[in-house]
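Before any comments, here is the structure.
Counting convention: from 1, in listed order, for ligands and their atoms alike. Being a predicted model, the structure only gives us computed values, none of them experimental.
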Amino acid sequence: MRDIDMKSSQTVLITGILGQDGSYLAQHALNRGHRVVGGIRGELCSDRDWRLRHLGIREDIEFMSLDLIQPDSIDRVLRQARPDLIFNFAAQSSVGDSFKFPLETAEAGGMGALRVFEHARHATKSCRVFQASSSEIFGDITDSHHSEDSFFNPKTPYGATKLFAHIMAEAYRASYGTFVSTGILFNHESPLRGSNFVTKKITQNMVAVHRGEIESFSLGNLDAKRDWSHAVDFVEAIWAMLELEQPNNFVLASGRLHSVREFVNFTAEALGIRIEWTGEGTDERGINVATGRTIVTVNPEFYRPYDPAQPLADTRKAQKILGWSPRYDLPKLIQEMVEFDLQTSC
Ligand code: G4F
């Protein structure tokens, strides 16, 4: 049930607008007639705005230089833009990289989020904030399903950072009445995903194998299970969160777990390749049944120091309060990613 219908034009500030979620959210807001201001860190060059250009919205956005690590930067942008809605996606978003860069991860994702909340608290006009939380905050867990009320026990620098921001969002709501909603987002992918994430790495490399450009490629933990959704489905729910009368937390997910190996199988299927697995551990290989050639190998270099099992998600709250349900299943998502890679990566 939606309490507020954002029919009149609002000013929407999106941090992390050059990323997958920021780009789709910008498209969503522009389609509804809102003014979109995009906060960007560093220069806006052609290899960074490709998502916005692909969506055909690059010229519709007002860009402002914004670095969440710099306190003055966020204050200046927020004073100039005077947003009604802030979607905070800016962060170092790779769990894998958070092991290499824990300080940078915590600065941008933790203190950066806090600076956004602090602005919303002092803003002269009422301002609603969405904070991108993550399923990584569950960490090592024992419950069978994970909801907004589950115990949080993160073990990665990324998860710990996201939990700091998540708890701060709740503290700002309780202490100051600030409107901050959070989405506890399980994995969400799309053709616009970065190639440092396993899904895009698989679809891009499988397309390259299919074209005969490479013989094989390597992955890390094939047994890792993830709940993968389409980012476009999440963006609809995220928008709906700021239309509610009261701020809240919502788990977004498909409710289904698949292994990395299964993701490879679905991708192979979308390309008409039949794949068979042989060997175990680091000796495991995926073989193209038609040619007998190895197309996937395992390289321990891609293992993580810590890779907690992802729990099953309980999305009943989002279904009930937001009236949300995803439109994509995994094969449909993969089909779209493969089609995009077939058209673009040569
Ligand atoms: O695609 P991934 O890097 O995503 P990860 O770590 O689950 O994080 C994503 O989802 C989180 C929400 O749950 C977000 F908060 C976060 O920002 C990000 O969007 O890795 C998925 C799984 C991992 O278990 C990893 O160990 O795939 C496994 N994996 C196996 N081989 C690999 C690889 N991951 C990557 N990146 N590269 C590999 O070669």
Sub-4.0 Å heavy-atom approach of [X] to ligand 1:
{"X": "Ser93", "answer": "yes"}
{"X": "Tyr303", "answer": "no"}
{"X": "His188", "answer": "no"}

Should [X] and [Y] count as an ion pair when the cut-off is N to O under 4.0 Å?
{"X": "Glu118", "Y": "Arg121", "result": "yes"}
{"X": "Asp223", "Y": "Arg261", "result": "yes"}
{"X": "Arg226", "Y": "Asp307", "result": "yes"}
{"X": "Lys200", "Y": "Asp341", "result": "yes"}

Could you check [atom] against the protein and tell me its nearest heavy-atom contact, residue, atom and distance included?
{"atom": "atom 13 (O) of ligand 1", "result": "Ser135 OG, 2.5 Å"}
{"atom": "atom 31 (N) of ligand 1", "result": "Gly220 N, 2.8 Å"}
{"atom": "atom 36 (N) of ligand 1", "result": "Asn196 O, 3.0 Å"}
{"atom": "atom 9 (C) of ligand 1", "result": "Asn187 ND2, 3.6 Å"}
{"atom": "atom 26 (O) of ligand 1", "result": "Asp307 OD2, 2.7 Å"}
{"atom": "atom 39 (O) of ligand 1", "result": "Lys201 NZ, 2.7 Å"}
{"atom": "atom 15 (F) of ligand 1", "result": "Ser134 OG, 2.6 Å"}
{"atom": "atom 19 (O) of ligand 1", "result": "Arg193 NH2, 2.8 Å"}

Less than 3.5 Å between some nitrogen or oxygen of [X] and one of ligand 1, yes or no?
{"X": "Val198", "result": "yes"}
{"X": "Leu222", "result": "no"}
{"X": "Thr199", "result": "no"}

Tell me yes or no: between the side chains of [X] and [Y], is some donor less than 3.5 Å from an acceptor?
{"X": "Gln92", "Y": "Tyr158", "answer": "no"}
{"X": "Gln310", "Y": "Asn187", "answer": "yes"}
{"X": "Gln335", "Y": "Glu339", "answer": "yes"}

Check whether NZ of the Lys or CZ of the Arg Lys332 lies under 6.0 Å from the centre of the six-membered ring of Tyr328 and within 45 degrees of that ring's axis.
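Yes, a cation-pi geometry.
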How are the rings of Phe87 and Phe89 set to each other: parallel, tilted or perpendicular (split at 30° and 60°)?
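If you compare the ring of Phe87 with that of Phe89, the planes turn out parallel.
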Atom indices of ligand 1, in the order listed, that fall short of 4.0 Å to a heavy atom of [X]:
{"X": "Leu185", "value": "12 (C), 13 (O)"}
{"X": "Ala224", "value": "24 (O)"}
{"X": "Phe302", "value": "39 (O)"}
{"X": "Gln310", "value": "13 (O)"}

Verify the neighbour count for atom CZ of Arg76: are there more than 12 heavy atoms of other residues, nucleotides or ligands below 6.0 Å?
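It does: Arg76 CZ has more than 12 such atoms within range.
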Any chance the rings of Phe130 and Trp239 have centres within less than 6.0 Å?
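Not under 6.0 Å, so no.
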Under 6.0 Å between ring centres: does that hold for Phe186 and His146?
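Between Phe186 and His146, the centre distance exceeds or equals 6.0 Å.
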Would you tell me which option among Arg226, Arg261, Arg304 has the nearest heavy-atom contact to atom 2 (P) of ligand 1?
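Heavy atom nearest to atom 2 (P) of ligand 1 belongs to Arg304.
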